[in-house]
Amino acid sequence: MTTMPRGTKDILPSEVGAWRYVEGVLRDLCRCFGFKEIRTPVFEHTELFQRGIGDTTDVVEKEMYTFIDRGKRSITLRPENTASAVRAFIEHKMYAEPDPAKLFYIGPMFRYDRPQAGRQRQFHQFGVELLGAAGPNADAEIILLAVQILRKLGLKDLQLKINTVGCPECRPAYRQRLQDYYRPHLEELCEDCRSRFDRNPMRILDCKNEKCHALAAGAPKLAECLDDDCKEHFAKVQELLKASGVDFVIDPTLVRGLDYYTRTAFEIQYTPLGAQSAVLGGGRYDGLVEEVGGPATPGIGFAMGMERVILALESQNLLPAADDAIDVFAVAPKAEAAALAFTTVEKLREAGICAAYDYQQRSMKAQMKAANRLNAKYVLIFGEDELTRNCVTLRDMQAADKDNNQREIPLAEITTILKTEVQNNE
Ligand SMILES: [Zn+2]
Ligand SMILES: [Zn+2]
């Protein structure tokens, strides 16, 4: 009863600062790029994900948290947010707006996966979706947003991989060629890939199984089958990225096997995290809105794993120091002064000063220790002597000169003086 369910994790007060910092960077950059936040429910009708992610994917086949609710409806905890965002786009008729919808989200997702380092059953993703823009400039913009986010966070050793997966016009010919290539090797493929052979042969290309991976190297390339529109689109995306000074490599094994994925696919790897080190991935999905029941609308987006990024930042010491010091701690050694300390603290808080006091009326020494544990910048001492003069002692805990760090101040001026001190300190 007092242990977390497998695959979940508490984010403790000492860790929340890192999350808030990263979320702040994400929100700022989304604002710069004109993306607006959307918050969708954490559960949806199961059918949405079956359609929106695809029946043949591992996520839908093996990893969904699906249950029947009391109204006998099949409900699923969202394993990702794109399908939900697209559902909201359709439901709220955002397609009727004159401009493309630019959405971003941050929140928990759920997958019944084997928990391992950096991978939980409840995990968090940030992502963006740009719906209603078909041009290569939208692809380049989305990729640049991703690059800028990771740069702004300070991560180096990043590798951007891009690819094109063609479109429903040019892909059937490619599927055919792939099947021709794999047919004589069927016995060598892993069990998953043998079942992919008919349903979804493109997904054999990104299988992590050693034998499958080796075979993929010799497989025909989609580039050889692309139609002119897809070729031109991909060339333009590359041109725009180069014009923006962004380095990338083309990785033909970067595929997304479902029919509604079109053209650009990309991934950013953080090499120090190891082989499967993608912190972020996305691409174009021009067929998805229609698949989920809306009017044909082009779309592109990406999702980023929050846990992975925070892990990467931690390993590189790129997280800012926690800023949870309080401004003032009120020390009242005698019971008679406790009420005055209490009301003073309340007044300071009203004035926007972070203040605390001792709940238990411990000794002076214990209260000073408590002030230190809270990293208080100042201590107000409500001592018997000073109070007879209607004064308290203000001690500057950050003063370099330890012998000369305190003075008496009048009770009536506590708030004014501390406000000035705290402001000068910032
Ligand atoms: Zn095409
Ligand atoms: Zn395989």
Side-chain angles (χ1 to χ4, degrees), residues 53-63 113-114 116 133-140 142-143 162-240 250-267 275-276 278 281-291 296-300:
I53 301 174
D55 277 329
T56 61
T57 57
D58 284 353
V59 174
V60 171
E61 278 183 343
K62 303 175 195 161
E63 298 170 1
D113 201 358
R114 203 155 44 93
Q116 43 185 294
N137 50 2
D139 306 45
I142 286 281
I143 295 173
I162 62 171
N163 192 27
T164 178
V165 298
C167 71
E169 306 289 312
C170 51
R171 225 158 25 209
Y174 180 57
R175 281 173 72 115
Q176 195 62 53
R177 288 186 60 176
L178 268 186
Q179 284 172 330
D180 292 345
Y181 169 77
Y182 279 114
R183 196 165 289 116
H185 301 288
L186 265 180
E187 291 305 307
E188 299 158 51
L189 293 174
C190 75
E191 202 182 315
D192 282 341
C193 284
R194 279 202 295 271
S195 81
R196 285 168 184 153
F197 178 80
D198 284 315
R199 293 189 299 169
N200 203 343
M202 278 177 76
R203 286 208 45 227
I204 302 176
L205 294 173
D206 67 348
C207 180
K208 305 287 187 250
N209 177 289
E210 224 171 283
K211 276 192 169 171
C212 303
H213 191 74
L215 270 174
K221 306 281 181 274
L222 178 62
E224 298 151 17
C225 300
L226 290 179
D227 56 31
D228 289 344
D229 285 352
C230 283
K231 263 187 206 156
E232 195 188 317
H233 185 97
F234 194 42
K236 281 261 167 61
V237 172
Q238 295 178 53
E239 222 171 83
L240 288 167
I250 295 172
D251 179 357
T253 67
L254 195 63
V255 293
R256 316 173 83 204
L258 296 161
D259 282 344
Y260 48 72
Y261 287 121
T262 50
R263 299 185 168 168
T264 311
F266 70 97
E267 203 173 85
Q276 289 184 42
R284 186 164 272 292
Y285 49 81
D286 289 348
L288 179 57
V289 178
E290 217 175 350
E291 179 73 27
T297 309
I300 181 165

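No hydrogens, no waters, no symmetry mates; every other heavy atom, side chains included, goes into these values. Counting starts at 1 for both ligands and their atoms, in listed order.
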Engineer: Quick check: does any side chain N or O of Asp286 sit under 3.5 Å from a backbone N or O of Gly299, one acting as donor and the other as acceptor?
Structural biologist: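 Yes, Asp286 side chain to Gly299 backbone: donor-acceptor pair under 3.5 Å.
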Engineer: With rounding to 10 degrees, what does the angle Cys170:SG / the Zn ion (ligand 1) / Asp227:OD1 come to?
Structural biologist: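 Value, to the nearest 10 degrees: 110°.
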Engineer: Indicate yes or no: does Asp139 engage Arg284 in a salt bridge with an N to O separation below 4.0 Å.
Structural biologist: yes
Engineer: Please confirm if an N, O or S atom belonging to His213, backbone or side chain, lies less than 2.8 Å from the Zn ion (ligand 2).
Structural biologist: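 For His213, the answer is no, given that no N, O or S atom comes within less than 2.8 Å of the Zn ion (ligand 2).
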Engineer: Within rounding of 10°, what is the angle whose vertex is the Zn ion (ligand 1) and whose arms end at SG of Cys230 and SG of Cys167?
Structural biologist: 100°
Engineer: If every non-hydrogen atom of Phe266 is compared with every non-hydrogen atom of Leu254, which pair is closest and at what distance?
Structural biologist: CA-CD2, 3.6 Å
Engineer: Within the stated cut-off of 2.8 Å, is an N/O/S atom of Asp229 closer than that to the Zn ion (ligand 1)?
Structural biologist: no
Engineer: I'd like to know if Arg199 and Glu61 make a salt bridge, using a cut-off of under 4.0 Å between side-chain N and carboxylate O.
Structural biologist: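 Yes, this pair counts.
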